[in-house]
Amino acid sequence: MSMFRSGSLSETTICNVCLPPTQQPLCNYTDLRTGEPWFCYKPKNLNCDTRINHFKGGFKQNLKAKEEKLFQSGVNMKVSIQATGPSIATVLSRKEGQLKVKKSSGTSVPSGYYYQGVWRSLGDTTLSQFNRSAITQCLKGKDVHMYGDSTIRQWFEFLNAALPGLKEFDLRSPRRVGPFMSLDYENNIMVTYRCHGPPIRIGLIPTRELRYIANEIDHLLGGPNTVIVIGIWSHISTYPIEIYIRRLQSIRRAVLQLLDRAPGTLVIIRTANVKALTLYETITNSDWYSLQRDKVLRAMFKGLKVHLIDAWEMTLAHHLPHNLHPLPPIIKNMIDHVLSYICPHKGG
């Protein structure tokens, strides 16, 4: 939803990617650079250019009486399916003349595992553990720009808390919204965070601060001292997959252009993660929808010079409860993974 204001007159109307046709005219806020659509019903007494903010509206819970009992975490959701018979599988040797089954090229394999609480990657990158001084040394002289949802904001908050020399500059932004900026003058470190553009379920945010990730990347110079971190999935999981595909296409185009003009730029992309399933999450944004978007994200950036942080596997494999915002031990492992891309073999 959005509020429109001119002087003492204000009105609030519904906004979305698309809106049911009514007698009420629409305000078209489609982004001219990315083509991302966004519309609001026009206020009765104000112009479209008087829109001042964006905030989360409600949703319709179309459940019949007692149907919510069908969605209970720990009862029929987020529980293991027990074997009805023996839990041992016997693999027999292939008989002579028996056709060999071809392995599917789409077979997924784990990206890593935890050992003594530390994530061990099965990929080509050797992961290091970084203490405070090692993090500072790794980020020295770097500009780190983070774009996305609150799961990326967690990383910004982690670095703020971990590094005593990194001080947040007060931009007078809402705490859960941003934008945010932190600086370490002595070590020439800058870390920024900005949330992605709509659709986004968030507290009140000024329309002037609604930015699309692709447009933000287009304005960056890039280079060997620039790190771009992107994470966008949760807020778009409630929409048709086509909406997410279009968003990733615009980001992919911007990343390719950035890497063309500044090949030394490091681009890191965070995948979706599993989370606790409340009734609200189950009927609007369950892990099933997140998984579909996660597959699209991996396919969209496959073959590009970018690095993935496999948050899906890192949360699924950990013994801690699933949470939309992973708990600190998992975040620490994710940050170590990020830093291992920035500074290979320089952990402490």
Side-chain angles (χ1 to χ4, degrees), residues 111-112 118-119 121 125 127-132 134-140 142-169 171 173-184 187 189-196 200 202 211 213 216-217 220 225-235 251 255 265-275 290 294 297 301 306-315 318 320 322-343 346-347:
S111 62
V118 177
W119 180 252
S121 174
T125 301
L127 302 188
S128 302
Q129 290 183 271
F130 291 76
N131 56 29
R132 288 183 177 183
I135 296 175
T136 299
Q137 284 302 116
C138 176
L139 296 182
K140 193 170 185 176
K142 303 288 186 185
D143 296 340
V144 182
H145 300 286
M146 300 184 177
Y147 304 106
D149 53 36
S150 56
T151 62
I152 287 292
R153 191 187 73 227
Q154 276 190 286
W155 293 5
F156 176 88
E157 293 168 345
F158 179 93
L159 291 176
N160 266 356
L163 302 181
L166 190 65
K167 305 297 183 183
E168 186 172 346
F169 187 84
L171 298 177
S173 302
R175 188 65 255 165
R176 297 181 62 188
V177 176
F180 303 125
M181 175 189 293
S182 291
L183 303 168
D184 180 337
N187 294 289
I189 300 171
M190 179 174 71
V191 183
T192 68
Y193 165 79
R194 180 176 288 277
C195 66
H196 64 75
I200 184 168
I202 201 168
R211 313 278 182 87
I213 294 175
E216 293 297 296
I217 294 175
L220 294 176
N225 292 321
T226 301
V227 180
I228 311 297
V229 180
I230 301 169
I232 177 170
W233 58 280
S234 181
H235 295 263
I251 295 173
V255 167
T265 309
L266 183 66
V267 179
I268 298 171
I269 298 177
R270 182 198 193 280
T271 74
N273 60 260
V274 293
K275 53 184 179 292
S290 299
D294 190 60
L297 181 141
F301 290 95
V306 301
H307 301 284
L308 287 183
I309 302 299
D310 197 337
W312 188 272
E313 296 254 349
M314 293 182 76
T315 51
H318 205 280
L320 286 172
H322 296 172
N323 196 313
L324 171 61
H325 300 108
L327 298 178
I330 301 176
I331 295 298
K332 173 62 169 66
N333 276 284
M334 290 179 176
I335 293 296
D336 282 341
H337 202 163
V338 169
L339 295 170
S340 294
Y341 286 132
I342 301 173
C343 305
K346 293 184 180 179

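For the pair Ile200 and Asp149, the minimum side-chain heavy-atom distance is 4.5 Å or more. Considering only heavy atoms from C-beta on, Ile152 stays 4.5 Å or farther from Tyr147 through its side chain. For the pair Thr315/Ile330, a side-chain contact is recorded, criterion being any heavy-atom separation below 4.5 Å from C-beta on.
The side-chain contact (heavy atoms from CB on, under 4.5 Å) search around Pro328 returns none, not counting sequence neighbours.
In this structure, Asn333 contributes its side chain and Trp119 its backbone to a donor-acceptor pair below 3.5 Å. Using modelled atom types, no side-chain atom of Asn273 and backbone atom of Met314 make a donor-acceptor pair closer than 3.5 Å. Of the possible polar contacts, one joining the Ser173 side chain to the Pro179 backbone as a donor-acceptor pair under 3.5 Å is found. Under a 3.5 Å cut-off, the side chain of Gln154 and the backbone N or O of Pro326 do form a donor-acceptor pair. Here the side chain of Tyr193 pairs no donor or acceptor atom with the backbone of Val177 at under 3.5 angstrom. With Asp294 contributing its side chain and Thr271 its backbone, the two residues share no donor-acceptor pair below 3.5 Å. Between the side chain of Arg153 and the backbone N or O of Arg176 there is at least one donor-acceptor pair closer than 3.5 Å. A donor-acceptor contact shorter than 3.5 Å is absent between the side chain of Ser128 and the backbone of Ser340.
Each of Val144, Leu266, Thr265 was evaluated against Thr226; a single residue qualifies, Thr265, per the side chain to side chain contact (heavy atoms under 4.5 Å, CB included) test. When the options Leu339, Ile268, Asp143 are evaluated for a side chain to side chain contact (heavy atoms under 4.5 Å, CB included) with Val227, the one that passes is Ile268.
Taking CD1 of Ile309 as the reference point, atom OG1 of Thr151 lies at 12.0 Å (rounded to 0.5 Å). Going from atom OG of Ser234 over to atom NZ of Lys275 covers 5.5 Å, rounded to the nearest 0.5 Å. Between the CZ atom of Phe301 and the CD1 atom of Ile269 there is a distance of 4.0 Å, given to the nearest 0.5 Å. Annotation: the span from Ile232 atom CD1 to Ile213 atom CD1 amounts to 4.5 Å, rounded to 0.5 Å. Here the CG atom belonging to Asn187 is positioned 9.0 Å from the CG atom belonging to Leu163, to the nearest 0.5 angstrom. Expressed to the nearest 0.5 Å, how far CZ of Phe130 lies from CD1 of Ile342 amounts to 8.0 Å.
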Given Trp312 and Val274, is the side-chain contact (heavy atoms from CB on, under 4.5 Å) satisfied, shown in steps? CA-CA 6 Å; Trp312 188 272; Val274 293; 3.6 Å; yes

The test is side-chain contact (heavy atoms from CB on, under 4.5 Å); show your working for Met334 and Phe158 and say whether it passes. CA-CA 10 Å; Met334 290 179 176; Phe158 179 93; over 6 Å; no

Go through Asn160 and Ser182 one step at a time and tell me if the side chain to side chain donor-acceptor pair (under 3.5 Å) criterion holds. CA-CA 7 Å; Asn160 266 356; Ser182 291; 2.6 Å; yes

Can you check side-chain contact (heavy atoms from CB on, under 4.5 Å) on Phe180 and Leu171, steps first, answer last? CA-CA 7 Å; Phe180 303 125; Leu171 298 177; 5.5 Å; no

The test is side chain to side chain donor-acceptor pair (under 3.5 Å); show your working for Ser121 and His337 and say whether it passes. CA-CA 9 Å; Ser121 174; His337 202 163; 4.8 Å; no

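Here the closest heavy-atom approach between residue Ile189 and residue Thr136 is recorded as CD1-O, 3.8 Å. Closest approach of Gln129 to Val118, counting heavy atoms only: NE2-CG2, 3.4 Å. Ala161 and Arg132 make their closest contact through O-NH2, 4.3 Å (heavy atoms, listed as atom of the first residue, atom of the second, distance). Minimum heavy-atom separation, Ser290 to Trp233: OG-CZ3, 3.5 Å. Taking every heavy atom of both residues into account, Phe156 and Met146 meet most closely at N-SD, 3.6 Å. Of all heavy-atom pairs spanning Leu320 and His318, the tightest one is N-ND1, 3.1 Å.
Ring planes of His235 and His196: perpendicular class, angle over 60° (limits at 30 and 60°).
Between Asp310 and Ser111, the side chains place a donor N or O and an acceptor N or O closer than 3.5 Å (distance only, hydrogens not considered).
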